Amino acid sequence: QVQLVESGGGLVQPGDSLRLSCAASGRSFVSGAMGWFRQVPGKEREFVATIRGHGRTTYYSDSVKGRFIISRDNAKNTVDLQMNSLKPEDTAVYYCVAGMGLITSSIRVGTAYSYWGQGTQVTVSS
């Protein structure tokens, strides 16, 4: 059984940094894509960032580009999201995702990912 377990969420102030981590078990995603989506209650889930396995190509949403950095450790089957210069609008539940065989045009589409974590809350507030 595949599981994705997120950690690292919490309450921070605007301008602070936070690092999210996700550990996958049950199968290796070394040749697949791992990433993050987020969702605010009452709104559509939003793509945040993804990193491919081989080649390590990264993709970011325009809203986080330049502030967030995604990285992965294929040996550990983990993916991290370093979030800097956090803003109140970054407040959301963040979900770790993983999938195999994603084409570039589907990287930002939630339904393209077969595996989702339970989510971790990130709150940015003064």
Side-chain angles (χ1 to χ4, degrees):
Q1 181 181 359
V2 175
Q3 280 192 315
L4 302 179
V5 179
E6 304 98 336
S7 61
L11 171 64
V12 296
Q13 294 187 339
D16 283 355
S17 297
L18 200 62
R19 189 178 185 89
L20 302 183
S21 295
C22 172
S25 60
R27 71 160 297 164
S28 170
F29 291 101
V30 66
S31 60
M34 298 184 76
W36 297 88
F37 279 71
R38 66 187 182 187
Q39 189 168 26
V40 176
K43 293 191 176 181
E44 294 286 320
R45 62 189 173 189
E46 177 189 13
F47 168 77
V48 177
T50 283
I51 182 169
R52 291 193 182 276
H54 299 308
R56 306 289 181 99
T57 304
T58 57
Y59 306 82
Y60 295 94
S61 69
D62 289 342
S63 61
V64 308
K65 193 178 298 182
R67 298 188 298 122
F68 291 11
I69 301 171
I70 189 170
S71 60
R72 65 187 291 170
D73 185 329
N74 286 336
K76 296 181 179 179
N77 219 17
T78 60
V79 62
D80 290 348
L81 185 69
Q82 177 65 41
M83 304 186 294
N84 302 317
S85 303
L86 282 161
K87 304 175 182 180
E89 50 264 44
D90 294 318
T91 296
V93 176
Y94 283 70
Y95 296 92
C96 178
V97 297
M100 305 297 293
L102 274 72
I103 59 177
T104 301
S105 61
S106 66
I107 281 290
R108 294 173 172 80
V109 179
T111 52
Y113 296 83
S114 299
Y115 306 101
W116 288 70
Q118 296 277 43
T120 185
Q121 177 70 45
V122 172
T123 302
V124 185
S125 175
S126 56

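For clarity, every value in this text was computed on a predicted model and none was experimentally measured. One-based numbering along the sequence shown.
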Participant: For residues 40-80, which residue pairs pass the disulfide bond (SG atoms under 2.5 Å apart) check, not counting sequence neighbours?
Facilitator: none

Participant: For Gln118, which residues count as a side-chain contact (heavy atoms from CB on, under 4.5 Å) partner, sequence neighbours excluded?
Facilitator: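 With neighbours one apart ignored, the set is Glu6.
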
Participant: Might you point out which heavy atoms bring Tyr60 and Ile69 nearest each other, and give the distance in Å?
Facilitator: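 Taking Tyr60 first and Ile69 second, the nearest heavy atoms are OH-CA, 3.4 Å.
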
Participant: Would you kindly say whether Ser125 and Thr123 are connected by a side-chain donor-acceptor distance under 3.5 Å?
Facilitator: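 Side chains of Ser125 and Thr123: no pair found under 3.5 Å.
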
Participant: Mind jotting down which residue pairs meet the salt bridge (charged side-chain N to carboxylate O under 4.0 Å, His left out) criterion with at least one end in residues 75-92? Sequence neighbours excluded, please.
Facilitator: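 The answer is Arg19-Asp80, Arg38-Asp90, Arg67-Asp90.
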
Participant: Which ILVMFWY residues are connected to Val109, directly or by a chain of links, through side-chain heavy atoms under 4.5 Å apart?
Facilitator: none

Participant: Return the minimal non-hydrogen interatomic distance between Lys43 and Gln39, and the atom names on each side.
Facilitator: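 Minimum heavy-atom contact is O-NE2, 3.0 Å.
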
Participant: Just jot down the side-chain hydrogen bond (donor to acceptor under 3.5 Å, both in side chains) partners of Asn74, sequence neighbours excluded, or say none.
Facilitator: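 side-chain hydrogen bond (donor to acceptor under 3.5 Å, both in side chains) check on Asn74 returns Arg72.
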
Participant: Under the 4.5 Å side-chain heavy-atom rule for ILVMFWY, direct or indirect, which residues accompany Ile103?
Facilitator: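 Members other than Ile103 - counting any ILVMFWY side chain reachable under 4.5 Å - there are none.
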
Participant: Run the side-chain contact (heavy atoms from CB on, under 4.5 Å) check on Ser17 and Gln82 step by step: do they pass?
Facilitator: CA-CA 7 Å; Ser17 297; Gln82 177 65 41; 3.8 Å; yes

Participant: What residues form a side-chain hydrogen bond (donor to acceptor under 3.5 Å, both in side chains) with Ser106, not counting sequence neighbours?
Facilitator: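 With neighbours one apart ignored, the set is empty.
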
Participant: If the test is side-chain contact (heavy atoms from CB on, under 4.5 Å), which one of Asn84, Leu86, Leu18, Thr58 qualifies with Phe68?
Facilitator: Leu86

Participant: Show every disulfide bond (SG atoms under 2.5 Å apart) that has at least one partner inside residues 37-91, sequence neighbours left out.
Facilitator: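 Found none.
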
Participant: Please list every donor-acceptor pair under 3.5 Å in which a side-chain atom of residues 22-36 meets a protein atom from a residue at least two apart or in another chain.
Facilitator:
unit_1, atom_1, unit_2, atom_2, d
Ser28, OG, Val30, N, 3.2

Participant: Name all residues meeting the ring pair (Phe, Tyr, Trp, His ring centres under 6.0 Å) criterion together with Phe37; count only those two or more places apart in sequence or in a different chain, and write none if there are none.
Facilitator: Phe47, Tyr113, Trp116

Participant: Quick one: CE on Met83 to CG on Leu20, what's the gap to the nearest 0.5 Å?
Facilitator: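 It is 3.5 Å, given to the nearest 0.5 Å.
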
Participant: Taking only residues two or more places apart in sequence or in another chain, which ones pass side-chain hydrogen bond (donor to acceptor under 3.5 Å, both in side chains) with Tyr59?
Facilitator: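 Counting only residues at least two positions away or on another chain, Tyr59 forms a side-chain hydrogen bond (donor to acceptor under 3.5 Å, both in side chains) with Arg52.
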
Participant: Let me confirm one number: the CD1-CG distance from Ile107 to Leu102, rounded to the nearest 0.5 Å.
Facilitator: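 If I round to the nearest 0.5 Å, the distance is 4.5 Å.
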
Participant: If we only count heavy atoms from C-beta on, is the Thr57 to Ile51 side-chain gap below 4.5 Å?
Facilitator: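 They are not in side-chain contact.
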
Participant: Treat each ILVMFWY residue as a node, draw an edge where side-chain heavy atoms are under 4.5 Å apart, and state whether Leu11 and Val93 are in one component.
Facilitator: no

Participant: Can you list every salt bridge (charged side-chain N to carboxylate O under 4.0 Å, His left out) pair that touches residues 97-123, not counting sequence neighbours?
Facilitator: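 Of all non-adjacent pairs touching residues 97-123, none passes salt bridge (charged side-chain N to carboxylate O under 4.0 Å, His left out).
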
